[in-house]
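Report on one structure; see the data block that follows.
Basis for what follows: all heavy atoms, side chains included, without hydrogens, waters or symmetry-related copies.
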Amino acid sequence: MTHQNKYPKIPLAQSLLEICKNKGVKHIVISPGSRNAPLTIGFASNSFFKCYSIADERCAAFFALGLAQQLNELVAVVCTSGSAVLNYYPAVAEAFYSQIPLVIISTDRPHDKIDIGDGQTIRQENVFANHIINSANLTELASEENDIAIQYALQLALSQKGPVHINVPFEEPLYETTTEILVQPKCIQFNTPKEKTFVLKEEYISKWNTSKKKLILVGESKPNAIEQTIIDELAEDNSVVIMIEKTSNLHHASFVANIDTVITPFKSDDFEYFKPDILLTFGGMVVSKRIKAFLRKYKSNEHWHVDTLRAYNTYGCLTKHFEVDIQTFLEQILANKILIETDYNTKMQEIIHLRKTKSKTYMENIPFSDFKVFDAIIKKLPKGCQLQVSNSSAIRYLQLLDIDESITVFCNRGTSGIDGSTSTAIGAAVASNRQTVFITGDISFFYDSNALWNSYVPKNFKIILVNNGGGGIFRILPGHEENEVFNTFFETSHVLDASHLAKMFHFNYQCCTNFEELENNFITFINDNNMPSLLEIKTPEKLNDKILLDYFKNLK
């Protein structure tokens, strides 16, 4: 017996479903509700779509973000009317700044029900106006205008790499179904600008070849953004220093892979010497506050940013945005390169060696603490895994440590929020066929604990929770005072642990409070893939800031 697809009777719902199918929007994350029933029925009853049910809309949107992060394709989230759509906003902002194609489909009351005191109604049209690529506000009846608006939004989400919002008003009845398609939306191909052949002008080649100090700074990037032969050739040029963030997913022995470790001890003479003639940047957001402070104070003569879409004037000296992919740009730079005599990178390599020696000695002698724990677990991570990292302290500690080249690193650095890190990591784990490990701090983990409330967590998904009893990063920031206001309203001190959450959401749970327990439990934690696992490592609350600050002092 052949299976017949079930469709909602509402023509507008059918149009949206057919267009999503035609445009290849396969992954649909749905939060339960009544107003979105026509779409829920249509998506879930059609075998083309892969549907996920996640009740908490904020978690659902970040889960979808994690899917899109890994799949590099459109992923949709669908919700009911009212406040539901507002819970998508943190993920929308993250998608906007991280250039991730997320499709927000909110269902709405008819226009004549808005602002008359009807239940579960808010002003949903253009609700994401400040952080959206496109808003498609549909009318209630199926029409060519609606079809165009939907397809235009989907096209922009892909071409502009960002979130779009499709607001769909439905009148009751909502649950009626049919086996017949009542609409045939016309497939529209929008004119897109023809890809221009990129040729790097002679003036930029000349500037590059005559500059003795060229600093390349790489932010968040997808793995394999640049071929290794290009990386190796760049590394041989003594006029080039390359600084990378862990989220850059680039690797080379000569790169400055621990930026803060290298530049924090600099004196004014060092900063003056390493001030670049040309600053070349690519990739997404940069974690290191110290490199931002350095480049804003010691401005380069030229700042070139390479990105097909956007360029931020992060350092106050942007002179040129090259709208091309970084591989093409560097190929043309290297095809025309002329090596110049300079000791720019030689001096940097001497500093890197000195810092590594001092770091190693310091790390060997510190007690059980956040820093020591991060150092230990990074060394123990399985090769080839995907590493997802929460914001705040977790990503900052990772920046200071060396990580195996086979491990890819992801973090929500678009807005740097703690609000959806766990949900994103689980979505990414679902989309990836690699072992996924998520490292998080306690405040971020408890904040997003509803992330564990879904049926899709892979059995080999691992959470490493470093619990120091509060927001430890605030002890490192300026303004720390040991008093009730600080402890309550900044650090948010607590005595929570994750054991009951792990039990409720069916995670294997282990807890460590010292090195011996960490050594004994870690191998079992990594190798047991019968169900998702959570390893909670409890570290001291009031020792971590001193250990980290002393680390930078000892580098001098």
Side-chain angles (χ1 to χ4, degrees), residues 5 7-30 35-36 38-51 61 64-65 67-68 71-79 81 85 88 91-92 95-96 99-108 110-111 124-129 131-171 178 180-195 308-309:
N5 286 328
Y7 301 97
K9 263 193 177 178
I10 299 173
L12 176 57
Q14 287 196 5
S15 290
L16 180 59
L17 291 159
E18 286 299 293
I19 290 169
C20 284
K21 186 175 179 181
N22 291 338
K23 296 297 182 181
V25 186
K26 185 177 180 63
H27 293 268
I28 315 291
V29 182
I30 301 170
R35 191 60 48 169
N36 58 334
L39 296 181
T40 300
I41 292 166
F43 283 126
S45 302
N46 191 310
S47 59
F48 172 82
F49 299 107
K50 171 66 176 171
C51 295
L65 186 90
L67 290 173
L71 296 169
N72 294 312
E73 62 185 61
L74 296 176
V75 174
V77 282
V78 181
C79 70
S81 64
V85 68
Y88 286 162
V92 169
F96 182 79
Q99 300 188 6
I100 293 175
L102 194 64
V103 181
I104 309 300
I105 303 175
S106 60
T107 53
D108 201 354
H111 291 83
Q124 292 182 200
E125 293 189 355
N126 305 315
V127 75
F128 305 119
H131 300 95
I132 204 79
I133 300 295
N134 179 262
S135 294
N137 298 304
L138 307 186
T139 55
E140 290 166 49
L141 300 177
S143 66
E144 187 174 346
E145 289 76 12
N146 280 338
D147 294 348
I148 292 170
I150 295 166
Q151 293 181 68
Y152 186 60
L154 297 181
Q155 189 259 337
L156 284 181
L158 274 179
S159 63
Q160 298 296 309
K161 295 181 185 174
V164 295
H165 178 205
I166 302 171
N167 193 56
V168 195
F170 290 139
E171 182 57 280
T178 178
E180 296 179 25
I181 287 284
L182 307 172
V183 296
Q184 287 185 320
K186 181 182 176 184
C187 187
I188 301 164
Q189 297 297 332
F190 297 95
N191 291 329
T192 52
K194 288 187 178 178
E195 200 171 308
T308 55
L309 294 170

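Pairing each heavy atom of Asn134 with each of Ala136, the nearest pair is OD1-N, 3.9 Å. For Pro101 against Ala157, the heavy-atom pair with the smallest separation is CB-O, 3.4 Å. Smallest separation of non-hydrogen atoms from Ile105 and Phe43: CD1-CZ, 4.4 Å. Considering every non-hydrogen atom in both Asn146 and Leu141, the closest pair reads ND2-O, 2.8 Å.
Contact check for Pro8 versus Leu17: side-chain heavy atoms found under the 4.5 Å cut-off. Contact check for Ile150 versus Lys23: no side-chain heavy atoms found under the 4.5 Å cut-off. No side-chain heavy atom of Tyr152 sits under 4.5 Å from any side-chain heavy atom of Val164. For the pair Leu39 and Ile30, the minimum side-chain heavy-atom distance is 4.5 Å or more. Within the 4.5 Å cutoff, side-chain heavy atoms of Pro169 are placed close to those of Leu138.
In this structure, CD1 in Ile100 is found 12.5 Å from CG in Leu74, a value given to the nearest 0.5 Å. In this structure, CZ in Phe49 is found 5.5 Å from SG in Cys20, a value given to the nearest 0.5 Å. Taken to the nearest 0.5 Å, the NZ atom of Lys161 stands 5.5 Å off from the CG atom of Leu309. Of the inter-residue distances, the one linking Asn137 atom CG with Asp108 atom CG reads 9.0 Å to the nearest 0.5 angstrom. For the atom pair Ile132 CD1 and Leu102 CG, the distance stands at 8.0 Å (nearest 0.5 Å). Interatomic distance, CG of Asn22 versus CD1 of Ile188, reported as 11.0 Å (0.5 Å rounding).
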Check your understanding: Stepwise, does the side chain to side chain contact (heavy atoms under 4.5 Å, CB included) test hold for Leu71 with Lys26?
Key -> CA-CA 11 Å; Leu71 296 169; Lys26 185 177 180 63; over 6 Å; no

Exercise for review: Step by step, work out the side chain to side chain contact (heavy atoms under 4.5 Å, CB included) result for Leu182 and Tyr7.
Suggested key: CA-CA 9 Å; Leu182 307 172; Tyr7 301 97; over 6 Å; no

Exercise for review: Test side chain to side chain contact (heavy atoms under 4.5 Å, CB included) on Ile133 and Phe96 and set out the steps.
Suggested key: CA-CA 8 Å; Ile133 300 295; Phe96 182 79; 4.1 Å; yes

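In this structure, the side chain of Tyr88 engages the main chain of Val78 through a donor-acceptor pair within 3.5 Å. Here the side chain of Gln151 pairs a donor or acceptor atom with the backbone of Lys186 at under 3.5 angstrom. Using modelled atom types, one side-chain atom of Thr107 and one backbone atom of Cys79 make a donor-acceptor pair closer than 3.5 Å. A donor-acceptor contact shorter than 3.5 Å is absent between the side chain of Asn46 and the backbone of Gly42. Panel note: side chain Gln14, backbone Glu180; a donor-acceptor pair is recorded below 3.5 Å.
Side-chain contact of His111 with Glu125: a donor-acceptor pair under 3.5 Å is present, judged by distance alone. Using modelled atom types, one finds a donor on one side chain and an acceptor on the other under 3.5 Å when comparing Asn167 with Ser106.
Heavy-atom contacts from other residues, nucleotides or ligands closer than 6.0 Å to CD of Glu171 number more than 12.
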